[in-house]
There are 2 protein chains.
Amino acid sequence: MRPLLAAADPVLAKLDRFGPLPEADRALLRAITADSRWVTATSDLIRQDEPADGAFLVLDGFACRYKLRKTGMRQITAYLIPGDICGLDAAALAWSDHAVGTLSACRVARLAPEAIELLLASRSLAAALQMSRRIDAAVARAWLVSVGRRSAIERLAHLFCELHVRLRAVGLVSEDGFSLPITQIDLADTTGLTSVHVNRSLQDMRREGLIELRKRRLRILDLPRLRALAEFDPAYLQLIGRDAA
Amino acid sequence: MRPLLAAADPVLAKLDRFGPLPEADRALLRAITADSRWVTATSDLIRQDEPADGAFLVLDGFACRYKLRKTGMRQITAYLIPGDICGLDAAALAWSDHAVGTLSACRVARLAPEAIELLLASRSLAAALQMSRRIDAAVARAWLVSVGRRSAIERLAHLFCELHVRLRAVGLVSEDGFSLPITQIDLADTTGLTSVHVNRSLQDMRREGLIELRKRRLRILDLPRLRALAEFDPAYLQLIGRDAA
DNA sequence: CGCCTGCTTGATCACAGTCAAAAACGGTGG
DNA sequence: CCACCGTTTTTGACTGTGATCAAGCAGGCG
């Protein structure tokens, strides 16, 4: 793990894990991510049922994929953290079944269609992106298990374990935990609960000495117990040696 | 739609929709699916946490992806119907985060690693498979919305609408509905409910005149109302002209 | 300082789960 | 053809997790 480099360039930090990238790819990525901008929280990068205006790389902050019901109910289907990409499908199909929006302020780099072409033209980058898709699919399955078959506390525990591993892979976890710049409403829309119940479950977790969560910062106090509670096995994230922690 | 051809070769019927395949690809697929075998219900094609023994094409019957909790609880994360493929990732990674098992008796064709190579070597087939992956991801998102934010009846309604479109695309829907060779326990593990509650919800749906379900056969009696109930829009399945029904 | 958003708490409700048992179904073999 | 057996479906009574409704509180920000 190379946390410092990682924090500087999360995209490289992430993709590089799936087999070291040739210098040409690294240069391409650097060029693309050079031109980034900040967007405020709660803004849409990709809108549901519309074509996407290119793809987006998340360089800083939290974004998410989500779907809205006609009733206004929201279900978040994925988190996008620094290093993650979105909109490749939406750009290819000129349509998206879901929206992508920011949960916090985010630094993003937009990839114009030509930039996407360049990216996919590289065999090694295309392979890395495919690996990334595989992980996304595995994460989606894990979420489905959580929402379908886990209790409230277990869902939150599993989510925190997942984020812990993913954020660590891009160098965003330090001794005192990691930044989690999202509201309890967001957590509720992620886990299929209400914000009231999320609040009560978080209090249970604090009381149990599992976590500390305040000022948008999450600290895992007892990782082994949290993982046991969530039945969390990081293997599916493919971000570590299959066996290592 | 070409139901008769489709029923004869669901794999071709499915992949051909994503842009007509050249004859070379069609021949390759025919060659591969020629060697098929029947497996009984409740048998695993791919086991969790293990490498896959090649990939599998489902030619007949229902299979599913699923994950088991240590407690024995099961969450089904996807249905595999005739024309669907599985195990590509498991073969590539020599590991799978989930299991794939049959729900009914199934006719399947095994693809040895060399056959997979051949498949992916074709640009057009690789593109069709990628399209198929995109749809799988969209379906997974729709399921997450169901389990996270829909009531019991709505979840079942949405599932039936999805299956109706997917099965019709491979010519498996007739005037009197379609074969649904799965138990209420399977439906429960799909929707994140208990089988008791699924049973009661199905009775509600029958009483409402929405469906008829007996002898492993589902008939949708009022499609417009079923779709309205589920807020179902088939666009995400990409199996139809973006606009057509 | 005041407002808005997000967090917290309390009281009550309901959807879905649990436990248990009976009925119906579908094979299988005699 | 029927008796038997396991599986699946159905029903009933009761429970509980998490939803709903409502109000108060804290804190960040203009």
Who are the side chain to side chain contact (heavy atoms under 4.5 Å, CB included) partners of B/Val139, not counting sequence neighbours? B/Ile135, B/Trp143, B/Glu162, B/Tyr236, B/Leu237

Residues 59-66 of chain A side chain polar contacts: donor-acceptor under 3.5 Å, at least two apart:
| residue | atom | partner | partner atom | Å |
| --- | --- | --- | --- | --- |
| A/Arg65 | NH1 | A/His98 | NE2 | 3.0 |
| A/Tyr66 | OH | A/Asp44 | OD1 | 2.8 |
| A/Tyr66 | OH | A/Asp44 | OD2 | 3.0 |

Heavy-atom count around B/Arg207 CZ within 6.0 Å, excluding the residue itself: above 12?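 More than 12 within 6.0 Å, yes.
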
Nucleotide N/O to protein N/O under 3.5 Å, stretch nucleotides 18-28 of chain C:
none

Quick one, [X] and [Y] - any side-chain contact, counting heavy atoms below 4.5 Å?
{"X": "A/Asp84", "Y": "A/Arg166", "answer": "yes"}
{"X": "B/Asp136", "Y": "B/Ser132", "answer": "yes"}
{"X": "A/Val173", "Y": "A/Phe178", "answer": "yes"}

Residues two or more places apart in sequence or in another chain: which of them pass side-chain hydrogen bond (donor to acceptor under 3.5 Å, both in side chains) with B/Thr102?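 For B/Thr102, the residues satisfying side-chain hydrogen bond (donor to acceptor under 3.5 Å, both in side chains) (neighbours in sequence not counted) are B/Ser43.
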
Looking at residues at least two apart in the chain, or sitting in another chain, which of them share a side-chain hydrogen bond (donor to acceptor under 3.5 Å, both in side chains) with B/Arg110?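 B/Asp53.
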
Sequence neighbours left out, what pairs pass salt bridge (Lys or Arg N to Asp or Glu O under 4.0 Å) with at least one residue falling in residues 174-183 of chain A?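 Every pair satisfying salt bridge (Lys or Arg N to Asp or Glu O under 4.0 Å) with a residue in residues 174-183 of chain A: A/Asp176-A/Arg217.
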
Considering only residues two or more places apart or on different chains, which pairs with a residue in residues 143-153 of chain B satisfy salt bridge (Lys or Arg N to Asp or Glu O under 4.0 Å)?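 Every salt bridge (Lys or Arg N to Asp or Glu O under 4.0 Å) pair that includes a residue of residues 143-153 of chain B, provided the two are not neighbours, is A/Asp189-B/Arg149.
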
Would a distance-only check, ignoring hydrogens and angles, find a side-chain to backbone donor-acceptor pair under 3.5 Å from B/Arg225 to B/Leu210? no

Side-chain donor or acceptor of A/Gln75 paired with backbone N/O of A/Thr190 under 3.5 Å: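 It does hold such a pair.
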
If only side-chain N and O atoms of A/Gln203 are considered, is one of them under 4.0 Å from the OP1 or OP2 phosphate oxygen of C/dC7? no

Under 4.0 Å: is that the gap between some side-chain N or O of A/Arg206 and OP1 or OP2 of C/dT8?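 For C/dT8, OP1/OP2 do have a side-chain N/O of A/Arg206 under 4.0 Å.
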
What is the distance from atom CG of A/Asp49 to atom CD1 of A/Ile46, rounded to the nearest 0.5 Å? 13.0 Å

Of the residues in residues 145-163 of chain A, which ones touch DNA chain D at a heavy-atom distance under 4.0 Å?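 Going residue by residue through residues 145-163 of chain A, the ones with a heavy atom under 4.0 Å of DNA chain D turn out to be A/Ser151, A/Ala152.
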
Is there any ring-ring contact (aromatic ring centres under 6.0 Å, His included) pair reaching into residues 181-230 of chain B, and which pairs are they, with sequence neighbours excluded? none

Chain B on DNA chain D: first and last contacting nucleotide, 5' to 3', under 4.0 Å to a heavy atom? D/dT8 to D/dA13

Check the distance between C/dC7's P and A/Asp204's CG and give it to me in whole angstrom. 17 Å

Taking the axis from the first five pairs and the axis from the last five, what angle separates them in the helix from C/dT8-D/dA23 to C/dG30-D/dC1, rounded to 10 degrees? 50°

I'd like a list of close polar pairs between nucleotides 3-6 of chain C and the protein, N/O only, cut-off under 3.5 Å.
| residue | atom | partner | partner atom | Å |
| --- | --- | --- | --- | --- |
| C/dG6 | O3' | A/Arg216 | NH2 | 3.3 |

Evaluate the criterion side-chain hydrogen bond (donor to acceptor under 3.5 Å, both in side chains) for residue pair A/Ser201 and A/Asp204; output intermediate values, then yes/no. CA-CA 5 Å; A/Ser201 301; A/Asp204 288 347; 5.2 Å; no

